[in-house]
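Below you'll find the structure, written out as structure tokens, and then a few comments.
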Amino acid sequence: MNSPQRVLITGAGSGLGQALAHRFAAAGAQVACVDINLDRVQGTLATLTGEGHAAYAADVGSDDAMDALAESVLAHWGVPDVLINNAGIASGGDVLEAPISEWRHLWEVNVLSVVRGTKLFLPAMLQRGSGHVVSTASFAGLAGAPGLMTYGVSKAAVVAFSEQLRAECHGTGVDVSVICPAFFKTNLMESTVGTEKIKHLGQKMMDRSPDSLDQVADRVFEGIQRRRFLILPTKREPMLWRLKRFLPERYFKELVKLSGNMKIGVR
């Protein structure tokens, strides 16, 4: 009899991470739920079906916290079959609005968290000869849209990291995926850094989204199961991505037209 699949998810205390934890558990996997808030992640754990799950509190933006997490997970829970680097924060504003401190904060939490998780758990996957590293970026990392400078750049770095990791892992038995949703209805705004204007804009974009959390989680889960590299789980984005790839100048004109109130200097 095959052992249950082990899935480790950061940011599993709410939103997409929590929804994916439910889907993997329902499919028979053992899920290690990680979040900066222990009460929240224990709440997720209490709602999962099945057995063999675990809850951990860790700040993905901290080297020491992630080192301690990996040591505990590998010693007491096991080597993940699927690592989902999902935790992150939102931000916004143009290049002149965002202070350098915001750039550093976004880099630690959105980018280096992915690097940390991968470096800590990938070696055991490679030694075993199988695994799957999944990282949550955003369509903001592909779109090149104005007004989301620190967030878009941090998520573009996650996409680039995943592309290069995919090439490095080719032939090892370890697959790589990157998730790039547009805004959809979650509690992401609770962790947003930046101005009140940006938080209001982000919430408005979420409220207008045609995609629900459950719909996005279902599409992400399917994409992971199918081992797709680029997972675009919101309705409009596959078409926009094709437009950018094949008609980049037309895409740019449409982008500028749609985002006039987000241009630099417009308040």
Of all heavy-atom pairs between [X] and [Y], which one has the smallest distance, and what is that distance?
X: Pro4; Y: Asp81; result: O-OD2, 4.1 Å
X: Ala65; Y: Ser62; result: N-OG, 3.1 Å
X: Asp59; Y: Met66; result: O-CG, 3.9 Å
X: Tyr151; Y: Ser154; result: O-OG, 2.8 Å
X: Ala87; Y: Thr10; result: N-OG1, 2.9 Å
X: Ala21; Y: Thr44; result: CB-CG2, 4.2 Å

Is the count of non-hydrogen atoms from other residues, nucleotides or ligands lying under 6.0 Å from [X] atom [atom1] greater than 12?
X: Arg250; atom1: CZ; result: no
X: Phe229; atom1: CZ; result: yes
X: Glu71; atom1: CD; result: no

Separation between [atom1] of [X] and [atom2] of [Y], rounded to the nearest 0.5 Å:
X: Glu108; Y: Ser113; atom1: CD; atom2: OG; result: 9.0 Å
X: Phe221; Y: Asp218; atom1: CZ; atom2: CG; result: 9.0 Å
X: Glu168; Y: Leu126; atom1: CD; atom2: CG; result: 10.0 Å
X: Ser101; Y: Leu106; atom1: OG; atom2: CG; result: 10.0 Å
X: Ser91; Y: Leu148; atom1: OG; atom2: CG; result: 7.5 Å

State plainly whether the residues [X] and [Y] are in salt-bridge range, i.e. N to O under 4.0 Å.
X: Glu254; Y: Lys257; value: yes
X: Arg40; Y: Asp35; value: yes
X: Arg236; Y: Asp211; value: no
X: Glu249; Y: Lys253; value: no
X: Arg23; Y: Glu222; value: no
X: Arg227; Y: Asp175; value: yes

If hydrophobic clusters are built by linking Ile, Leu, Val, Met, Phe, Trp and Tyr wherever their side-chain heavy atoms come under 4.5 Å apart, do [X] and [Y] end up in the same one?
X: Val41; Y: Val109; result: no
X: Met239; Y: Leu142; result: yes
X: Ile100; Y: Val95; result: yes
X: Val111; Y: Leu165; result: yes
X: Leu20; Y: Leu48; result: yes

Is a side-chain N or O of [X] found less than 3.5 angstrom from the main chain of [Y], in a donor-acceptor match?
X: Lys155; Y: Phe139; value: no
X: Ser72; Y: Ala68; value: no
X: Asn110; Y: Ile89; value: yes
X: Thr234; Y: Glu237; value: no
X: His53; Y: Leu45; value: no
X: Glu97; Y: Asp94; value: yes
X: Gln215; Y: Ser212; value: yes
X: Tyr251; Y: Ala143; value: yes
X: Arg6; Y: Gly52; value: no
X: Arg228; Y: Leu230; value: no

Is the closest side-chain heavy-atom distance between [X] and [Y] below 4.5 Å?
X: Leu83; Y: Val7; result: no
X: Val178; Y: Val134; result: no
X: Gln225; Y: Phe24; result: yes
X: Phe121; Y: Val133; result: no
X: Cys33; Y: Val31; result: yes
X: Val159; Y: Cys180; result: yes
X: Ile84; Y: Leu8; result: no
X: Leu122; Y: Cys169; result: yes

### Query
Yes or no on side-chain contact (heavy atoms from CB on, under 4.5 Å) for Ile224 and Ile231, after CA distance, side-chain angles and deciding distance?
CA-CA 8 Å; Ile224 294 172; Ile231 300 173; 4.1 Å; yes

### Task
Go through Ser130 and Met125 one step at a time and tell me if the side-chain contact (heavy atoms from CB on, under 4.5 Å) criterion holds.
CA-CA 6 Å; Ser130 66; Met125 292 181 178; over 6 Å; no

#### Entry: Worked verdict on Val60 versus Ile36 for side-chain contact (heavy atoms from CB on, under 4.5 Å)
CA-CA 8 Å; Val60 298; Ile36 195 170; over 6 Å; no

### Single hit among His105, Arg104, Glu102 for side-chain hydrogen bond (donor to acceptor under 3.5 Å, both in side chains) with Thr150
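The side-chain hydrogen bond (donor to acceptor under 3.5 Å, both in side chains) with Thr150 is passed solely by Glu102 among His105, Arg104, Glu102.
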
### Task
Kindly determine whether Leu112 and Val115 satisfy side-chain contact (heavy atoms from CB on, under 4.5 Å), including the steps that lead there.
CA-CA 5 Å; Leu112 292 184; Val115 179; 4.2 Å; yes

